[in-house]
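Heavy atoms only: backbone and side chains are in, while hydrogens, waters and symmetry mates are out. Along the sequence shown, residues carry numbers from 1. The structure displayed is predicted, hence computed values, not measured ones. Whatever order the structure lists them in is the order used to number ligands and atoms, beginning at 1.
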Amino acid sequence: MDRTLLLNASYEPLLVISWQRAITLLVLEKVEVLVNYEREIRSATASILLPAVVKLVQRVRQRQSAVRFNRTSIYARDRHQCQYCGDQPESEGELTYDHVQPRSRGGKTTWTNIVTCCVPCNRKKGNQTPNEAGMALLKKPVKPSWLPVVGKTLLTRSTPELWRPFLWRDQAA
Ligand SMILES: [Zn+2]
């Protein structure tokens, strides 16, 4: 655990920085700590908990960009987790995407009709609706308002648990 998640003053994730950088920013009073790791750093004179998530005191302007609709964004939204069985395979090669309402039956390729799916579930579901296949969705797919600029690699298993509450916000429907 040597990385710190830096949030904007408005709580959007901005960057992943080293904990050394985080402590420098803290000393300069540019950031405040939201969550600490349990690990302590000791210097000759003091000890400090390693910051896991820090937030800028002053908001920085960020280029607003819409979330691109593509496979990477879909996987990131769904945290690389099959939305039917909940499996989170090690490699992206074991994932695909699924049209909830099958394409052959008028299902569109949109945020609200595409979900991350493991290959076995995708085969099993075939051209059926979730109802017909008896496969319930873990959650209703939504169009996200933003994806963390910190990137898709952070939304995998290796993401520190302490970061998760800050990484993602769904837009209501
Ligand atoms: Zn599955």
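- Transitive grouping of hydrophobic side chains (ILVMFWY, heavy atoms separated by less than 4.5 Å) keeps Ile114 and Val119 in distinct clusters.
- Proximity of a side-chain donor or acceptor of Trp163 to a complementary backbone N or O of Ala52 within less than 3.5 Å is detected.
- At a cut-off of 3.5 Å, with distance as the only test, no side-chain donor of His80 or Thr116 sits close to an acceptor on the other residue.
- When only modelled atom types and interatomic distance are considered, Tyr84 and Asp98 share a side-chain donor-acceptor pair under 3.5 Å.
- Shown are the protein N/O/S atoms under 2.8 Å from the Zn ion (ligand 1), given by residue and atom: Cys82 SG, Cys85 SG, Cys118 SG, Cys121 SG.
- Gln88 places a side-chain N or O within 3.5 Å of a backbone atom of Arg79 that can act as its donor or acceptor partner.
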Item to check | Trace of the side chain to side chain donor-acceptor pair (under 3.5 Å) decision for Ser73 with Asn70 | outcome: CA-CA 5 Å; Ser73 304; Asn70 57 31; 3.0 Å; yes

